[in-house]
Amino acid sequence: MGDQGVRGGATGAGAGGGAGAVPGGGLAHRVPELGALELLLAVARLGSLGRAARELGITQPAASSRIRSMERQLGVALVDRSPRGSRLTDAGALVTDWARRVVEAAEAFDAGAQALRDRRDSRLRVAASMTIAEYLLPGWLIALRGQRPDTAVSLLAGNSTVVAERVLGGEADLGFVEGVSVAAGLDSVVIAHDRLIVVTAPGHAWARRRRPLDAGELAATPLILREEGSGTRQVLDAALVGGLARPLIELSSTTAVKASAASGAGPAVLSELALGEELSARRLVEIPVEGVRLSRALRAVWPTGHRPAGPARDLLALTRS
């Protein structure tokens, strides 16, 4: 019954001078799909449609349907089936020779694509803002190494503006930024939330206050701050109506800001992520503030339209787990 189905479909396709073939159109409409060509090669090699179907992991009815569809598409009979097995027609033998070249070319294409993936997967370039680079990325990268031990990771740390420039310039595969907005040309996803807190040395006058600091007093006070372009500075500028007073000291690293504040030089505003040890040891104390929201989103960024792939995709998944 199945033999007659293949033969009958083939004969009908060829009887009208190729009436089943699709004229014109692109190659996708005129050339059989790769799976059908692989099936035809298996039939030619094994002499049986059933054995070819089993080798390719499909059912025999599905294999018969695929052969009939290919015969209708090409407009010629390819396979004759009998109780003794399946035999290629003369046209089928010729098509099989062509199919072999197509499949070999596809295998070469696949090998080349795999080589590109291997090269991509052999390295990962990450750019991250200082807070994320120092306090979150190490744990993520240790977890990534467990998944991808052969991937070499390089980290470029800088403020959020620099990170955006690196990602846009193709110098990093994935970036991590703080701040209130994302640069044009970047897609992003929120991976965590953070809170900024005001801190001073224990001997500072603010440490003895009985009531919270208000937003106006904070804005009017010269502070030890990160440089312009940092996510911390952006959030603070946006949160305080009227802006900040001229900085008491402007520094380019969180560690330097903490050290300056702990020395008694003045109050500072820093990420809660960066202050656990200093607050526990009371080298710094938190100053409550009212009337202002000092929270921010931490984001992963990448060029618009280019969703992270390979190690960058895996690292992004780790940040969200």
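These values consider heavy atoms only, across backbone and side chains, with no hydrogens, waters or symmetry-generated copies.
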P303 and side-chain contact (heavy atoms from CB on, under 4.5 Å): which single residue from L168, D173, V167 fits?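 It is V167; the other options fail the test.
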Tell me whether [X] contacts the main-chain N or O of [Y] through its side chain, where contact means a donor paired with an acceptor under 3.5 Å.
{"X": "S280", "Y": "E277", "answer": "no"}
{"X": "E71", "Y": "V79", "answer": "yes"}
{"X": "R208", "Y": "G203", "answer": "yes"}
{"X": "T304", "Y": "G185", "answer": "yes"}
{"X": "S69", "Y": "S65", "answer": "no"}
{"X": "T89", "Y": "A77", "answer": "yes"}
{"X": "R148", "Y": "D150", "answer": "no"}
{"X": "K258", "Y": "A274", "answer": "yes"}

Hydrophobic clusters join Ile, Leu, Val, Met, Phe, Trp and Tyr when side-chain heavy atoms are under 4.5 Å apart, directly or via other members; which others share one with L251?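 Noted: L251 shares its cluster with I197, V199, I224, L248, I249, V257, L270, L275, L279, L284.
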May I ask you to list the residues sharing a hydrophobic cluster with V289, side-chain cutoff 4.5 Å, ordered by chain and number?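 Other cluster members: V180, L196, V198, W206, L213, L218, L223, L225, V235, L236, L240, L244, V269, V285, I287, V292, L294.
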Check this for me, if you would: do R233 and E250 make a salt bridge, where the nitrogen-to-carboxylate-oxygen distance has to be below 4.0 angstrom?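 Salt bridge present between R233 and E250.
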Please assess T151 against R145 for the test side chain to side chain donor-acceptor pair (under 3.5 Å), listing each intermediate value before the final yes or no. CA-CA 7 Å; T151 297; R145 184 163 183 80; over 6 Å; no
Go through W140 and L144 one step at a time and tell me if the side-chain contact (heavy atoms from CB on, under 4.5 Å) criterion holds. CA-CA 6 Å; W140 297 337; L144 181 68; over 6 Å; no
Gap between atom [atom2] of [Y] and atom [atom1] of [X] - 0.5 Å precision:
{"X": "L40", "Y": "L88", "atom1": "CG", "atom2": "CG", "result": "6.0 Å"}
{"X": "R209", "Y": "T200", "atom1": "CZ", "atom2": "OG1", "result": "10.5 Å"}
{"X": "D187", "Y": "R299", "atom1": "CG", "atom2": "CZ", "result": "12.5 Å"}
{"X": "S263", "Y": "R283", "atom1": "OG", "atom2": "CZ", "result": "13.0 Å"}
{"X": "I142", "Y": "L318", "atom1": "CD1", "atom2": "CG", "result": "11.5 Å"}
{"X": "E107", "Y": "E104", "atom1": "CD", "atom2": "CD", "result": "6.5 Å"}

Over all atoms of both residues, closest heavy-atom pair of [X] and [Y]:
{"X": "L37", "Y": "A99", "answer": "CD2-CB, 3.8 Å"}
{"X": "A133", "Y": "P138", "answer": "O-CD, 3.3 Å"}
{"X": "T96", "Y": "A44", "answer": "CG2-CB, 3.9 Å"}
{"X": "F176", "Y": "I191", "answer": "CD2-CD1, 3.5 Å"}
{"X": "V182", "Y": "S188", "answer": "CG2-OG, 3.6 Å"}
{"X": "A219", "Y": "G243", "answer": "CB-O, 3.6 Å"}

In this structure, would [X] and [Y] fall into the same cluster of hydrophobic residues linked by side-chain contacts under 4.5 Å?
{"X": "M130", "Y": "V163", "value": "no"}
{"X": "V102", "Y": "L74", "value": "yes"}
{"X": "L156", "Y": "I132", "value": "no"}
{"X": "V103", "Y": "V43", "value": "yes"}
{"X": "L174", "Y": "V189", "value": "yes"}

For W302, check ring pair (Phe, Tyr, Trp, His ring centres under 6.0 Å) against everything at least two apart and list the hits.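 For W302, no residue satisfies ring pair (Phe, Tyr, Trp, His ring centres under 6.0 Å) once neighbours in sequence are set aside.
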Residues L298, V190; criterion side-chain contact (heavy atoms from CB on, under 4.5 Å); working and verdict: CA-CA 6 Å; L298 307 181; V190 174; over 6 Å; no
Using salt bridge (charged side-chain N to carboxylate O under 4.0 Å, His left out) as the criterion, list what pairs up with R100, not counting sequence neighbours.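 Counting only residues at least two positions away or on another chain, R100 forms a salt bridge (charged side-chain N to carboxylate O under 4.0 Å, His left out) with D97.
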Residues which pass salt bridge (charged side-chain N to carboxylate O under 4.0 Å, His left out) with R226, listed by chain and number, not counting sequence neighbours: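 For R226, no residue satisfies salt bridge (charged side-chain N to carboxylate O under 4.0 Å, His left out) once neighbours in sequence are set aside.
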With sequence neighbours excluded, residues passing side chain to side chain contact (heavy atoms under 4.5 Å, CB included) with A63: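 Applying side chain to side chain contact (heavy atoms under 4.5 Å, CB included) to A63 gives L39, L49, A53, I58.
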With heavy-atom distances below 4.5 Å as the criterion, would you say the side chains of [X] and [Y] are in contact?
{"X": "S154", "Y": "R123", "answer": "no"}
{"X": "D314", "Y": "P311", "answer": "no"}
{"X": "L78", "Y": "M70", "answer": "yes"}
{"X": "E33", "Y": "R66", "answer": "yes"}
{"X": "R296", "Y": "T131", "answer": "yes"}
{"X": "D214", "Y": "E217", "answer": "yes"}
{"X": "V126", "Y": "R166", "answer": "no"}

Decide whether E178 and S160 meet the rule of one side-chain donor and one side-chain acceptor closer than 3.5 Å.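 No.
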Assess the side chains of S271 and D194: does a donor N or O sit below 3.5 Å from an acceptor N or O?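 Result is yes, a qualifying pair exists.
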Apply side-chain contact (heavy atoms from CB on, under 4.5 Å) to residues L155 and R125 and explain how you reach the verdict. CA-CA 6 Å; L155 172 61; R125 301 168 302 161; over 6 Å; no
Does R195 have more than 12 heavy atoms from other residues, nucleotides or ligands lying within 6.0 Å of its CZ?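 Counting other residues, nucleotides and ligands, CZ of R195 exceeds 12 neighbours.
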Using the side-chain contact (heavy atoms from CB on, under 4.5 Å) rule, take Y135 and T254 through it: C-alpha gap first, then chi angles, then the decisive distance, then the call. CA-CA 11 Å; Y135 301 102; T254 299; 4.2 Å; yes
